[in-house]
There are 2 protein chains.
Amino acid sequence: MSAARYGVGVSTFNSVPPGAGISDVARLAGVSQGTVSNVLNHPERVATATRDRVRQAISALAYVPNGAARSLAAGGSRSIGLILSDLENSLFVDIARGAERAAAEAGMSLLLANSDGRLESEDRYLDLFAESRVLSTLLTLNDDQHFRQIVGRVADSRSLVLLNFQVDPAEYCSVDGHNERGGYLATRHLIDIGRRRLVFVGGPDSLRPVSERHRGFSAALAESGLTAAADVTPDWINRSDGWRVGTGLVEAIAAGRIDGIVAASDLLAAGMLQAFATLGRVRVPHDVAIVGYDNNQAAWDSPVPISTIGQPGEEMGYRGARLAMEELVEGDAHQHRAVVLEPTLIVRESTVS
Amino acid sequence: MSAARYGVGVSTFNSVPPGAGISDVARLAGVSQGTVSNVLNHPERVATATRDRVRQAISALAYVPNGAARSLAAGGSRSIGLILSDLENSLFVDIARGAERAAAEAGMSLLLANSDGRLESEDRYLDLFAESRVLSTLLTLNDDQHFRQIVGRVADSRSLVLLNFQVDPAEYCSVDGHNERGGYLATRHLIDIGRRRLVFVGGPDSLRPVSERHRGFSAALAESGLTAAADVTPDWINRSDGWRVGTGLVEAIAAGRIDGIVAASDLLAAGMLQAFATLGRVRVPHDVAIVGYDNNQAAWDSPVPISTIGQPGEEMGYRGARLAMEELVEGDAHQHRAVVLEPTLIVRESTVS
DNA sequence: TTGTAGGCGTTATCAA
DNA sequence: TTGATAACGCCTACAA
């Protein structure tokens with residue numbers, strides 16, 4: 001996949017002026033390059049006096065090590081990469097924070113990139129990280145097709161951990177929320193508060209988390225001997241989709257054919273709520289109770305705060321980074337693992353008043 | 001600043017297995033290394049047949065160029081770095097998106113890092129990017145002190161562009177929103193709708209954007225011969241601060257001593273709104289009109305959608321990245337510039353019903 | 001159009 | 001504890 005991106009021609013940019021190198025430092029401090037390198041990487045091997053002298057030279061020259069040369073000589077960097085699919089969704093921000101914590105604890109750095117869920121960007125940054133020789137890259141994903149496309153192209157030798165997406169441990173390590181359980185929890189909650197005419201709103205089915213949540217919904221219904229009042233599959237799971245869907249549901253709700261909704265995302269739920277509020281014929285939770293998913297800002301910021309399923313985003317990022325590191329330490333002996341994290345029901349006013 | 005971070009000792013991680021190198025590709029394709037390099041970087045110099053043969057060898061071996069070696073030999077990377085101070089704030093996400101667009105247009109990549117507004121992280125990532133030899137780094141800032149600390153340490157030779165923070169063009173390029181004008185617009189709007197007992201809520205003053213917005217507030221008042229009904233300086237500008245401040249203001253509003261509020265951020269405004277709604281003695285906008293700042297999700301998601309001052313975040317990022325590239329192209333001839341972007345008033349229900 | 005060879009700035013090995 | 005010196009993988013003149 002790499003080759004396609006080359007041939008972009010010569011850069012028109014002036015490159016960064018050289019600045020002082022390790023040899024300049026060595027000369028000024030009156031030592032050899034090797035010694036300078038040692039005070040940088042193995043200070044304990046250098047006599048205190050020498051070390052101080054070198055450090056002085058370093059700051060005198062404002063010397064900045066060249067990471068490229070360093071990675072080249074050392075055979076690798078000390079960074080891991082994380083490609084996020086949606087910076088607007090606070091879940092991913094949490095993931096980044098968790099991954100960063102894990103990296104920091106291990107003395108490594110975290111490089112971020114935003115793919116905006118576009119396969120093309122996922123690809124590009126996967127390449128970039130591969131070329132940067134990051135120790136490992138973490139990739140958040142939510143689309144089965146993307147996964148298939150990507151897997152085929154990523155070199156086996158590179159460490160890759162999938163986040164927010166569960167895969168067969170035969171292929172990769174992954175950390176995911178238990179979406180089916182989340183869908184179940186949301187539905188169970190609605191049933192527990194007495195709702196019986198339930199709808200799942202979410203789609204398309206190619207979004208893996210969505211279809212899994214749907215499955216949980218169905219399971220909870222079956223368990224109680226209920227059947228879905230309807231199935232609604234919007235084009236996507238954003239606020240505007242919720243608005244559209246909400247508008248279409250008002251009639252059925254007002255007529256009493258629907259009294260509970262499980263939405264595949266908080267944005268979807270928030271959009272529906274807005275539609276209901278605007279059209280004015282449906283009250284939440286009186287006429288219809290709604291549960292969202294992800295515990296985004298949209299959920300607690302909504303006019304009627306939305307009950308939702310919380311995902312442990314920070315933990316997802318943390319565990320993901322840890323898995324990556326284990327993989328690095330264990331080497332060939334490594335067995336991929338699929339970690340599945342438990343979601344939590346968070347009850348707010350959209351289901352109980 | 002760099003030196004302090006070294007001496008972390010030897011890595012315990014296995015580095016990535018070597019994989020195929022350019023020489024392997026050359027051998028398989030039956031050409032020289034130079035030719036392989038050319039098909040990668042200057043395909044037009046290579047005969048079609050040769051090129052195809054090389055490309056086949058590349059994919060056969062799953063060859064991934066080593067970015068470190070590449071940057072080293074080429075004397076620089078093709079990435080720019082962006083350090084964000086707050087991923088929770090959608091303004092910064094917009095900035096990232098704009099910068100990414102500019103980078104993509106120029107065939108470059110954008111590396112992200114999240115400093116969470118911590119000086120220490122800003123420092124760390126500045127170092128990391130410097131070592132990575134990114135062509136330029138963009139840094140969002142909002143604190144004067146941080147700026148001073150950082151400037152002293154960053155090597156002059158490196159290109160640095162400040163975002164969301166205006167600095168003397170003698171020092172760096174910067175792109176900022178016109179905060180004083182924004183504060184003015186917000187205040188003017190309140191005056192225009194007949195409010196006269198106005199308060200500015202925001203702090204601390206060390207946050208540069210806040211103090212500038214405050215100045216705009218004062219200017220608008222002075223222009224109309226008014227004086228501030230009060231000045232409120234919360235500890236910070238988050239939702240919880242808004243809640244606290246809001247609670248403290250209820251009395252004065254109910255008594256008619258305050259009828260308009262300019263908040264330094266949407267979160268602050270949203271927090272106050274929540275406090276008012278909970279305590280129940282004050283109606284918005286009837287008893288008090290509120291304007292926020294930034295046009296965050298929090299503003300339009302609020303129970304009463306909040307009027308606000310919109311910042312052109314995407315443009316900020318885009319222009320910042322462009323400035324960085326100009327600086328690179330112009331080299332020594334470059335004159336730093338301070339770009340100031342116009343804010344926009346967005347009217348919602350918190351000021352007019 | 002292709003091959004040759006020197007060098008990019010570090011790290012690591014081995015001797016001193 | 002320190003100093004030489006050989007990689008590291010690739011790019012780019014320059015020569016053929």
Side-chain angles (χ1 to χ4, degrees), chain A residues 2-3 6-11 15-27 29-54 57-58 61 63-78 130-133, chain B residues 2-3 6-11 15-27 29-54 57-58 61 63-78 130-133:
Chain A
S2 296
Y6 304 118
V8 283
V10 188
S11 168
S15 53
V16 182
I22 206 173
S23 62
D24 301 302
V25 174
R27 196 175 323 122
V31 298
S32 74
Q33 300 189 16
T35 300
V36 175
S37 172
N38 273 333
V39 358
L40 256 26
N41 304 294
H42 309 279
E44 72 284 358
R45 297 184 192 164
V46 180
T48 322
T50 318
R51 202 190 304 159
D52 291 343
R53 202 145 33 90
V54 170
I58 285 177
L61 295 173
Y63 163 71
V64 177
N66 182 322
R70 198 168 228 205
S71 298
L72 182 57
S77 70
R78 282 191 64 77
E131 291 173 25
S132 301
R133 296 296 193 265
Chain B
S2 297
Y6 304 117
V8 283
V10 187
S11 166
S15 53
V16 181
I22 205 173
S23 62
D24 300 303
V25 175
R27 197 175 322 123
V31 297
S32 74
Q33 299 190 16
T35 300
V36 176
S37 173
N38 273 333
V39 357
L40 257 26
N41 304 295
H42 308 279
E44 73 284 359
R45 297 185 192 164
V46 180
T48 323
T50 318
R51 202 191 303 160
D52 290 344
R53 202 144 34 88
V54 170
I58 285 177
L61 294 173
Y63 164 69
V64 177
N66 182 323
R70 195 168 232 211
S71 299
L72 183 56
S77 70
R78 282 192 63 80
E131 291 173 24
S132 302
R133 296 295 192 265

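Throughout, a chain's letter reflects where its sequence line sits, starting with A, and its residues are numbered from 1.
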Main-chain N/O of A:Ala20 paired to A:Asp24 side chain as donor or acceptor, under 3.5 Å: no
OP1, OP2 of C:dT11 versus side-chain N and O of A:Asn41: anything below 4.0 Å? yes
Can you pull out how bent the helix from C:dT1-D:dA16 to C:dA16-D:dT1 is, comparing the axes over its first five and last five pairs, to 10°? 30°
Any residue meeting side-chain contact (heavy atoms from CB on, under 4.5 Å) with B:Ala73, in chain and number order, not counting sequence neighbours: none
Below the 4.0 Å mark, does D:dG9 have OP1 or OP2 next to a side-chain nitrogen or oxygen of B:Arg70? no
Are OP1 or OP2 of D:dT12 and a side-chain N or O of B:His42 less than 4.0 angstrom apart? yes
side-chain contact (heavy atoms from CB on, under 4.5 Å) with A:Arg53: which residues, sequence neighbours excluded? A:Val31, A:Thr50
Check nucleotides 2-6 of chain D for protein N or O atoms closer than 3.5 Å to its own N or O atoms and list the pairs.
unit_1, atom_1, unit_2, atom_2, d
D:dT2, OP1, A:Thr50, OG1, 2.2
D:dT2, OP2, A:Ala47, N, 2.9
D:dG3, OP2, A:Ser32, N, 2.9
D:dG3, OP2, A:Ser32, OG, 3.3
D:dG3, OP2, A:Thr35, OG1, 2.8

Contacts of type side-chain contact (heavy atoms from CB on, under 4.5 Å), residue B:Asn38, not counting sequence neighbours: B:His42, B:Arg45, B:Val46
dist A:Arg78:CZ -> B:Glu131:CD (nearest 0.5 Å) comes out at 12.0 Å
Yes or no on side-chain contact (heavy atoms from CB on, under 4.5 Å) for A:Tyr63 and A:Ile22, after CA distance, side-chain angles and deciding distance? CA-CA 8 Å; A:Tyr63 163 71; A:Ile22 206 173; 4.0 Å; yes
By side-chain hydrogen bond (donor to acceptor under 3.5 Å, both in side chains) - contacts of A:Thr35 (at least two apart): A:Ser32
Side-chain contact check for B:Ile22: nearest option of D:dC8, D:dC11, C:dC8 is D:dC11
